[in-house]
Structure formats: C-alpha cells, structure tokens
Number of protein chains: 2
Amino acid sequence: MIRARTPSAAVPRARKGEETRAQILEAAVQQASEAGFESITIGALAQRTGLSKSGLFAHFGSRSDLQVAVLDEAARRFAETVFLPAMKAPRGLPRLRAIVGRFIGWTESAGLNGGCPILAAGIEFDDIAGPMREAVAGYQRQRGRELARAVQLAVDTGELAADTDPRQFVFELDGIALAYYHAARLVGDDQARNRALAAFERLVASYSPPLSPSAAARR
Amino acid sequence: MIRARTPSAAVPRARKGEETRAQILEAAVQQASEAGFESITIGALAQRTGLSKSGLFAHFGSRSDLQVAVLDEAARRFAETVFLPAMKAPRGLPRLRAIVGRFIGWTESAGLNGGCPILAAGIEFDDIAGPMREAVAGYQRQRGRELARAVQLAVDTGELAADTDPRQFVFELDGIALAYYHAARLVGDDQARNRALAAFERLVASYSPPLSPSAAARR
DNA sequence: GGCACAATAGTACGACCGTTCGTTTTTTGT
DNA sequence: ACAAAAAACGAACGGTCGTACTATTGTGCC
C-alpha cells in the first residue's frame, strides 16, 4: 500500500499508537523475561502500563498475537545486542569470541531483569503446537545457522581445524550458553560467567588445528 | 507416631487415598512435562483423572503444595531413572558414561511425553521467590554435587586428568544435556543424541590424563 | 477551527481459576 | 455387621481471564 507523504511532515514521528505499542512491548518483554510467556496477561499488563484492558487489547488482535509480538521483540533485541555489534569484529575467532562474550548474559545488557525470553518460550511451547512454537523454532534455527556461519569463517581463517563440523561446534557452544543461564540464574553460581568463558576456551582449544610452526609461534 | 499393625493384614496395601494421590501425581507430572507447572490446574487435572475438583484438591492443601509435590515426584523419577541404575556400573568413567547415557533423554525412559519437568520448573520459577524456586534450586544443587562426586571418582581412578576441576566438568556436562534437550525437543534435530554423545566423548578426551604407556595401550 | 479518524476508555459477558464448606459415599478396623 | 474414619462429591464464592461491543477522548491534517 503506497501512502503519499506530505513534505510538510518534518519529523514523521510514529503515530502515537506505535509509541504506546512499543511501551506495551517493553513491559511485556520484561514480564516474559521474569515469569514466562504464560504470565503475560492482558489485565496485569494494562495495570503495569497504566492503560485500560481494552485499550491495550486493541493494539493486538488477541493474546496469542501479543505473545508472538513479544517474542519478535525479544528476538530483535537479541540480534541487536549480540550479533550486530559482534559483526564489527574481524571474521574468524575474534568475531566468534565477540559473539560468545555478548551471548553470555545478554539479557542484562539488553536491560532485562529476568532470564532469556527466547529460551523461556522454547521450553514453554516445545510441546504446544501453534504459532508460538513455530516462531520460536524458527528463531532458534536461524540463530543456529548464523552461529554456524561464524564458526565456518573461523575454519576458513585456519583458526579452527579444517575437519571441524560447524554444527557440532554450535551444539556444544549452545550447551555452554545454556549451562551459563542455568547456573547463573537458577543455581545462583556467581562463578557462572568464568566457567562459561573457560568452557569456551576449552572448546576452542579442542577444535584447534594441529600445531604448525606459525601457529606455535603465535602462542 | 507408632501404629500397632494387626498381623491379619496380609498385604498392608496403601490406604486407598495414597493410591489415588499417586494417580493424580502421575497425571500432574505428565502435564508439567508437556506444558509446564503453570499449566497444572486443579480443574483440568480433575477432569484428566476423573475426580471432582474438590476431591482432588483435598489431597493437597493448595495448588502450590501440589506443584511442589509434582516437582518432588519428578525428582524422584529422575533419580530412579538416571542415578540409581548407573550406580551399578563400576566407579569411574564407566559409571559416568552410564549416567550420561541415561541422562540424555531420560524423560522418555521415565514414560514422560514431554520435556524435563525439573528444567521447566527451573526456568519458570527462577525469578519467582517462593517454595518452588527453593525446591528446584535444591534439587539442582544436589544433582550437581552427585555428578561432581562421580567425576571425582573418575579422577581418582586416573581416567581423568589429576588437575580436573570437577565443578567445571559438571558445568560443561550440564551444557551438553541442556543442549540435547534444546536441540531434540525444540529445534527438532534428530541427530541430537548423537551430537550429545559425541560432545561427551570430546569432553572426556579433553580432560584425559597425559598419555602414559598403559593408557596408550588401553586405546 | 473543525473534520476524519486513530486511540483509548468503559462496560459487560461467559469461562475458568483456586478455595471453602457441608453432604454423601466408600473404605477400614473390629 | 457396624461404627468410625477417610475419601470423594457438589455447589457456591469472589476473582481474573480473554474478548466483544459501544462510547469517549485525543491527534493529525486542511
């Protein structure tokens, strides 16, 4: 749909509705981070944002549409917090390190008070067919592909062994990130970040190419 | 409290109530496995078991007591399915391997149709103070200690390097298990078990003691 | 300033939530 | 067989859920 834009509109600021919609999403993402998507309720969210139930409801056609919107927003923040900045690092191991460094504890960097909403959604909906399950599975697969590409680049630069299976590497990397969340958020291990970084270094070492003179020199 | 037992009671079968209580828990654990603890609702559970709401309710003083009871039951099944059988394996690497082999996909072995309830509880309640949070954290810490002990035994037998940090090892092992669940249940990777077992072998290899003649011969 | 429309509020509905209470049925011990 | 105790039921309560509807307020454009 093409909309003629009046040149007089100096700042095409989002029609008010989009602003409050963003505020709603902010509160909802926070809620999902703290207590899961099932805890996202119209009434509670209306109270949290100071809107009326019906006023809030009108922004999303249904609760499940709202949930999906929250997941989309969480995924957007993840990309914005973890992947986008890491792309500035040179390809190969430095970029991989940048990704991992931001991946570990990204929710705090993104201003979330609770856990990772995408992970929460995955566990909440892994047995419940529907749009949420498909959306979160899609995001996870996409993230897997992006990570695998970053790993492949590190193979290309020779920083990882030539026979590295990127998908296996990503599997083990995922494990480190998950173990971090598990240890940090649930068990309350304050060493979690150190353990995660140590695990990553061990992972990289175990995938390092056989020692060559130049590689040995680089140590 | 001492209760005089009449010798005529040949089979001191559980007072009827405990039987139905067990049936309720069976259904409830299943529900938690499939859709999380928040989805455990008195009405739905009553329908599932054929009881009346109030009849079911009477077995547990409150919904949150019911949730804790479900978590206890899940933890009991975990120990029964994973740890107890593995204790028959000789201490050291074989036992560790037995634990891991049963850990990966233990929910299916335990007859659960969905994911791991303990993991679900961890993510659902990691930000919600209360008895559930404390209970699940307690179980997780206990499991961590038991795993660490099994790792230490493998160090003692010389199958793992002497300078192995059992807690770091457990951290990485947890990651593998979590990555397995994530990949298998959400992303739908049918290679998940293979990847997990491969990751474990890589983990063991990376913690192997420096080659000695006897160790080399054992290969 | 006033028109058109987007945005929000208000109200009501039926469904289900956890929980209580009094009654009825079933089990248990003798 | 019978009385006591345990277990299950049925109805009702106050709340909150998501979601329709209509009314009111606010915003943006000429």
Side-chain angles (χ1 to χ4, degrees), chain A residues 1 3-25 27-28 31-32 35-70 124 128 130-132, chain B residues 1-28 31-32 35-70 124 128 130-132:
Chain A
M1 181 200 299
R3 173 120 58 108
R5 170 83 64 190
T6 316
S8 70
V11 176
R13 92 172 166 95
R15 310 274 286 281
K16 173 93 189 314
E18 301 182 20
E19 252 178 45
T20 64
R21 190 188 142 104
Q23 290 175 344
I24 296 171
L25 279 183
Q31 178 69 29
F37 282 77
E38 202 52 50
S39 83
I40 295 184
T41 185
I42 309 277
L45 215 50
Q47 198 162 350
R48 195 157 165 167
T49 55
L51 290 178
S52 68
K53 269 175 65 175
S54 54
L56 187 148
F57 183 82
H59 283 274
F60 314 85
S62 70
R63 183 172 106 115
S64 97
D65 284 5
L66 167 59
Q67 286 177 323
V68 172
V70 172
E124 279 188 60
I128 303 172
M132 276 301 280
Chain B
M1 181 200 301
I2 298 175
R3 172 122 56 111
R5 170 82 65 190
T6 315
S8 71
V11 175
R13 91 175 167 91
R15 312 274 287 280
K16 171 87 190 314
E18 301 182 19
E19 251 178 46
T20 63
R21 189 188 143 105
Q23 290 175 345
I24 296 172
L25 279 183
E26 158 66 26
Q31 178 70 29
F37 282 77
E38 203 51 52
S39 83
I40 294 184
T41 184
I42 309 276
L45 214 51
Q47 199 163 351
R48 195 156 165 170
T49 54
L51 291 178
S52 68
K53 270 174 62 177
S54 53
L56 188 148
F57 183 84
H59 282 274
F60 314 85
S62 70
R63 181 171 107 114
S64 98
D65 284 5
L66 167 60
Q67 286 178 323
V68 173
V70 172
E124 278 188 60
I128 304 172
M132 276 300 281

Trainee: First locate atom CZ of A:Arg63, then atom OG1 of A:Thr41, and finally report the distance between them rounded to the nearest 0.5 Å.
Mentor: 6.0 Å
Trainee: Determine, for nucleotides 13-21 of chain D in 5'-to-3' order, which nucleotides have protein heavy atoms under 4.0 Å from the base (write B), from only the sugar-phosphate (write S), or from neither (write -).
Mentor: ----BBBB-
Trainee: Look up atom OG1 in B:Thr49 and atom NE2 in B:His59, then write down how far apart they are to the nearest 0.5 Å.
Mentor: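 Interatomic distance, B:Thr49 OG1 to B:His59 NE2, rounded to 0.5 Å: 9.0 Å.
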Trainee: Is the phosphate of C:dA6, meaning OP1 or OP2, less than 4.0 Å from a side-chain N or O of A:His59?
Mentor: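 No, A:His59 has no side-chain N/O under 4.0 Å of OP1/OP2 on C:dA6.
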Trainee: Could you state the atom-to-atom distance from CZ of A:Arg21 to C1' of D:dT27 in whole Å?
Mentor: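 Distance, rounded to whole Å: 19 Å.
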Trainee: Using a heavy-atom cut-off of 4.0 Å across all strands, would you classify A:Leu51 as base, sugar-phosphate, or nothing?
Mentor: sugar-phosphate
Trainee: Checking side-chain contact (heavy atoms from CB on, under 4.5 Å) for the pair A:Gln31/A:Ser39: CA distance, chi angles, key distance, verdict?
Mentor: CA-CA 7 Å; A:Gln31 178 69 29; A:Ser39 83; 2.9 Å; yes
Trainee: Apply side-chain contact (heavy atoms from CB on, under 4.5 Å) to the pair B:Phe60 and B:Gln67, showing each step before the final yes or no.
Mentor: CA-CA 9 Å; B:Phe60 314 85; B:Gln67 286 178 323; over 6 Å; no
Trainee: What is the distance, rounded to the nearest whole Å, between atom CZ of A:Phe60 and atom P of C:dT8?
Mentor: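 In whole Å, C:dT8 P and A:Phe60 CZ are 11 Å from each other.
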Trainee: Could you report the tightest heavy-atom contact between B:Leu45 and B:Ala28, atom names first, then the distance?
Mentor: CD2-CB, 3.7 Å
Trainee: For B:Arg15 and C:dT26, what is the distance between atoms CZ and P respectively, to the nearest whole Å?
Mentor: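 It works out to 18 Å between those atoms.
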Trainee: At what distance, to the nearest 0.5 angstrom, does CG of B:Leu56 lie from CZ of B:Arg21?
Mentor: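 Separation between the atoms: 10.5 Å.
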Trainee: Send over the distance from B:Glu18 CD to C:dT28 P, rounded to a whole Å.
Mentor: 11 Å
